[in-house]
Structures are given as structure tokens and as C-alpha cells.
Amino acid sequence: MKVRRIWILVVLIAVFSIVAASCGQNTPEGELGYNGMWAYDSEYHWRREPDADGDDWKSKHNFIDDVCSLCGYSQKVEPDEEPNDGDEEPDPTDPDFPREDDYEMGETIIDGLSYTLLYGEEGVQGYSVGVGEWTNKSTIEVPSEYKDIAVIAIDDYGFKGDKVLQSIKLPNTITTIGYEAFAECTSLTEFDMPDSVMVVYHRAFFSCERLTKIKLSNSLKKLNSKTFCNCFALQAIEFPDGFEKLENDVFNHCTNLQKVTLPKTLQVIENSVFLNCGKLKTVVAYDLDSWLKITIRAAISNPMFYGAQLYFNYSDKDELVTEVTIPDTMKKIGKFAFYGCASLTSVTIPKSVTEIGMQAFGNCTKVTEIVADGITTVESSTFSGMSSLKSVSIKGAKRIERDAFFENRNLKTVYLGAGLEYLGQRCFAFTGITDIYFEGTSGQWQSVEKVFPSNTGNRWNYWMPDYTIHCANNVNIKESGSR
């Protein structure tokens with residue numbers, strides 16, 4: 001009897017182990033993120049709503065430049081986690097801390113505020129200032145000089161954690177705001193940055209939870225990583241002319257940010273700058289030319305990622321962008337250029353454009369037609385998630401990469417050139433295609449390399465409806481999809 005009980009216990013343990021393992025295969029680990037039809041964690045993505053067969057198409061991320069080409073997940077920062085405060089952030093106490101000045105610390109003199117004398121190659125540079133002692137003052141005015149020497153900087157950690165401070169006035173002698181200078185000043189509501197400020201170090205306003213309004217210095221060229229991260233109350237930001245670069249996570253978790261006005265001088269938007277800014281619905285740029293010159297590192301770096309409308313203000317007023325005509329002097333449209341643009345309904349692409357970056361028009365849900373006969377390669381997910389797209393002409397394309405037109409359920413008609421050589425997996429998956437007009441012969445169509453996903457029975461057109469290929473030699477080929 002004792003042996004029998006042991007065997008029953010062993011069997012029960014085995015059964016529970018199998019069930020747990022089976023459940024684990026279908027249950028994503030960690031915090032979840034969402035992007036349109038996809039849910040994802042750090043390793044996998046899957047359909048939020050399974051298809052008609054009950055399949056959620058769970059698979060591992062396909063990372064290109066640290067961004068999944070299908071769901072937009074970035075390896076840089078977990079989508080729904082608090083920003084990582086780990087070792088990747090520079091430590092200002094480290095001798096190798098990257099500085100844009102030549103300051104060397106001198107003695108500290110306490111007089112209400114803490115004044116630190118700064119030395120450079122030419123001797124005394126000026127004073128930096130911070131909290132000398134907690135005074136419980138809600139308003140502070142920093143003097144322009146101390147003992148006849150200019151006050152030129154805010155200390156690293158200078159006012160960090162001051163829970164009482166609501167406003168602070170800085171003189172126009174300040175050129176530098178230090179690392180975490182105002183971090184966790186949870187009562188600070190507004191900040192007017194004097195135009196003398198040229199450098200703002202990392203996390204300077206990190207977790208200023210009540211900061212609703214800030215005016216940036218006209219001398220500022222860039223914002224370092226996480227400058228305004230976790231500023232939950234911030235509603236709008238306008239950048240000065242001459243501003244050039246946004247580093248990683250600058251506005252990450254600014255959950256009430258609604259409007260961003262960008263200058264014509266902006267050159268680079270690094271990773272995760274606007275991650276978790278779900279209320280950002282208005283993006284203002286100067287004009288089309290300046291917008292297309294911006295390097296955007298990832299889909300989630302584009303301020304339109306959450307479905308914002310794009311405006312141009314070159315005429316001194318914000319004009320909604322619904323139609324875009326790419327100039328015939330342009331050869332390339334960069335990655336993620338119009339990703340998520342909710343206002344765009346029409347785009348004209350001349351034959352001079354031979355390259356369009358991945359996800360350049362992803363999730364542009366109001367565009368109905370694409371004519372881009374000059375491009376030779378349609379990159380991964382370039383036109384994915386365009387739910388209103390009905391017709392596409394890409395007659396110059398030799399390669400159509402994976403997921404290029406993924407999830408365009410209203411896409412019915414596609415025009416392809418005789419030079420087509422390659423069709424990547426899922427390039428037309430979950431579309432409504434009924435007709436493909438091919439400028440080559442039926443034999444040329446059969447010779448096109450077609451890549452199929454695993455477990456699809458060697459069918460490149462899996463997840464497509466039945467459709468007809470109309471070839472140039474008057475041969476019609478009917479092919480069956482799986483839908």
C-alpha cells in the first residue's frame with residue numbers, strides 16, 4: 001500500500017509538471033507591452049486577438065537595429081517598465097565622466113546656498129551653486145555673482161530631492177546645469193531656463209513629477225539622456241532654433257505630454273525618447289525638408305508613434321499635414337520617417353526615390369494608395385499596419401522583404417515589375433489581395449524566390465486570400481492562400 005501511494009504521488013507530480021510546462025509555453029513572462037494588433041514582452045510577440053483558427057502566432061522578436069521589425073519592441077528600454085536606473089548611466093564622480101567644460105572643483109563656502117569655486121586652465125572660472133542646507137523655501141533666487149565672482153553652474157545633485165521647492169529663478173550667468181541637479185524635486189511646477197545655459201547634464205529633471213511647463217534655453221544644442229524622464233505632469237515642450245539632438249529616453253514616461261514642437265535644425269532622435277508618452281497627439285515640425293533630414297533611431301523614437309498628427313509651421317502657423325509630395329531631388333526616405341502619422345492621407349513618391357527605410361510609413365492608417373515605382377528594395381515592415389491601403393505600385397522593386405505589407409487587410413491590388421527577384425516571408429500576410437499585376441511572364445513569376453515561414457507547408461502565401469497573378473504574356477495564374 002505504501003509503494004502504491006508513492007507511485008500515485010510520482011504520477012501526480014509528473015502530470016502537474018507537464019501542465020505547468022505547457023502553460024509556460026503560452027504565457028509570456030515579464031511585463032507586457034502593446035502596439036496595435038501585437039502584444040509583446042522582452043523575448044516574444046503575439047497577436048492580441050488570435051486569428052480564425054485560434055492561433056496567436058507567437059514567435060521570437062526579429063531585431064533590426066535593436067528594434068523588432070514586426071511589433072516595434074525596442075531592446076533599449078522595456079516598454080512598460082520604469083526606466084532603468086542601472087549602470088549604463090554615467091557617474092559624475094567618475095574621472096572619465098563626459099563633460100563639456102574644463103571645471104575643476106575648489107573649496108565650498110556655505111552661505112544659505114552652497115557655493116563651490118570652479119577652476120580651469122586659466123584659473124578661477126566662477127562658482128557653482130546648490131543647496132547648502134535644507135531651508136524649506138518654496139522659492140529660491142540664485143544670485144548672478146558671489147563675492148564679485150560670477151555664478152556659472154548648478155552643482156551635480158545641486159537641488160536633488162528638495163521636496164519643498166516650487167520655483168527657482170536662475171541668473172543669465174548660468175551656463176551649465178549639472179547631473180541630477182533638480183532630480184526628484186517633486187513640488188517644482190515650472191522652470192524658466194535662461195538663454196545662457198548651453199549644457200544640461202543627464203537626468204537633470206528626472207522624476208520632477210509636478211513639472212508642467214518648461215522653457216528651454218535658446219543656446220541649447222542637445223538634451224542628454226533621461227533629462228525629463230518621469231516628468232508625469234509635463235504637457236508640452238518647444239525646442240529653440242539651433243537645437244540638434246535628443247539623447248536616449250529624454251521624455252520616457254512623460255505620460256501627460258501632449259504636444260511637441262521641433263525646430264528645423266533637429267538632426268537626431270535617439271532611442272526611446274518618447275516611449276510611454278501615450279497622450280502625445282500633436283507633433284509640430286518646420287517643414288517637410290527639415291522633417292525628412294531627421295535621423296530617427298527606432299519606431300518608438302518617433303514622436304508620432306502613438307498616433308499623433310503632424311503639423312508644419314513654416315508659415316508661422318500650425319498647418320495640419322494630410323498630403324505629402326516628396327521632392328524629385330530626394331533619393332531616400334529614412335527609417336520610421338512617418339511611422340504612426342495619424343493625419344497623413346496621401347503621399348506622392350517620385351521615381352527619384354530609390355530607397356525607403358524600414359517602417360517609414362508603418363501604421364499610417366489613413367493612406368489609401370502607394371505609388372513608389374523607383375524603389376528597388378521594399379524594406380521590412382515599410383508599409384505595414386496601413387489599414388486603409390487599397391492599392392500599391394512598386395514596379396521597380398527587385399526585393400520585397402519580410403512583413404513589408406503586413407496587416408493591410410484592405411489592400412486589394414498590387415502592381416509589380418518584371419525585375420522582381422525575391423519575396424520575403426509574410427510580405428503580404430493578412431492582406432486582402434485579390435489581384436497582382438506582374439509585368440513579367442508567367443515563367444518569370446515562377447522563378448521569383450519566395451520565402452515561406454516554418455510550419456506553413458512550404459507556402460509563401462500563407463495567411464493570404466485566394467488571388468490571381470496577371471502576367472504580361474496574357475497568362476493568369478490563380479493561387480490559393482490560407483484565408
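Residues: numbered from 1 along the sequence shown.
Residues Met304 and Leu310 form a side-chain contact, since some pair of their non-hydrogen atoms from C-beta on lies under 4.5 Å apart. Residues Tyr422 and Lys398 are not in side-chain contact: their nearest non-hydrogen atoms beyond the backbone lie 4.5 Å or more apart. Using a 4.5 Å cut-off on side-chain heavy atoms (C-beta onward), Met193 and Leu220 make contact. Counting only heavy atoms from C-beta outward, the side chains of Tyr306 and Phe274 never approach each other to under 4.5 Å. Side-chain contact check for Phe428 versus Val414: some heavy-atom pair is nearer than 4.5 Å.
A salt bridge does not link Lys226 to Asp249: none of the charged nitrogens lies less than 4.0 Å from a carboxylate oxygen. Residues Lys213 and Glu190 are not paired through a salt bridge, judged by the lack of any N-O separation under 4.0 Å between the basic side chain and the carboxylate.
A donor-acceptor pair is defined here as one N or O able to donate and one able to accept, closer than 3.5 Å; no such pair exists between the side chain of Thr382 and the backbone of Ala404. Arg210 places a side-chain N or O within 3.5 Å of a backbone atom of Thr186 that can act as its donor or acceptor partner. Remark: the backbone N or O of Met358 is not paired with any side-chain donor or acceptor of Ser381 at under 3.5 angstrom. Judged by distance alone, the side chain of Asn410 and the main-chain N or O of Gly432 form no donor-acceptor pair under 3.5 Å.
In this structure, the separation between CD1 on Ile214 and SG on Cys208 is 8.5 Å, given to the nearest 0.5 Å. The CD1 atom of Ile296 sits 8.5 Å away from atom CG of Leu266, with the distance rounded to the nearest 0.5 Å. Taken from CE in Met330 to CG in Leu288, the straight-line distance is 6.5 Å, to the nearest 0.5 Å. The structure places OG of Ser301 at 7.5 Å from CD of Glu270, a figure rounded to the nearest 0.5 Å. Atom CZ of Phe406 is separated from atom SG of Cys427 by 11.5 Å, given to the nearest 0.5 angstrom. If you take CD on Gln444 and CG on Leu420, they are separated by 10.0 Å, rounding to the nearest 0.5 Å.
Taking the six-membered ring for Trp and thresholds of 30 and 60 degrees, Phe305 and Tyr339 have nearly parallel ring planes, at less than 30 degrees apart. The aromatic rings of Phe205 and Phe182 sit parallel to each other, their planes meeting at less than 30°, with 60° as the upper class boundary. The aromatic rings of Tyr286 and Tyr314 lie perpendicular to each other, with more than 60° between the two planes, well past the 30° mark.
Between Ile375 and Glu355, the closest heavy-atom pair is CG2-N, 3.9 Å. Summarising the geometry of Cys277 relative to Phe251, their closest heavy-atom pair is SG-O, 3.1 Å, with the distance given to 0.1 Å. Between Glu247 and Val250, the shortest heavy-atom contact is O-CG2, 3.0 Å. Of all heavy-atom pairs spanning Thr255 and Asn276, the tightest one is CG2-O, 3.6 Å.
Partner of Phe405 under the ring-ring contact (aromatic ring centres under 6.0 Å, His included) criterion, chosen from Phe361, Phe383, Phe430: Phe383.
Side-chain contact, Ser290 with Asp287: a donor N or O sits under 3.5 Å from an acceptor N or O. Side-chain polar atoms of Ser393 and Asp373 form a donor-acceptor pair below 3.5 angstrom.
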- Task: Dump the intermediate steps for side chain to side chain contact (heavy atoms under 4.5 Å, CB included) on Asp318 and Thr282, then the final yes or no.
- Result: CA-CA 10 Å; Asp318 297 350; Thr282 301; 5.8 Å; no
- side chain to side chain contact (heavy atoms under 4.5 Å, CB included) between Asp466 and Ser480: does it pass, once the steps are laid out? CA-CA 4 Å; Asp466 298 343; Ser480 298; 3.5 Å; yes
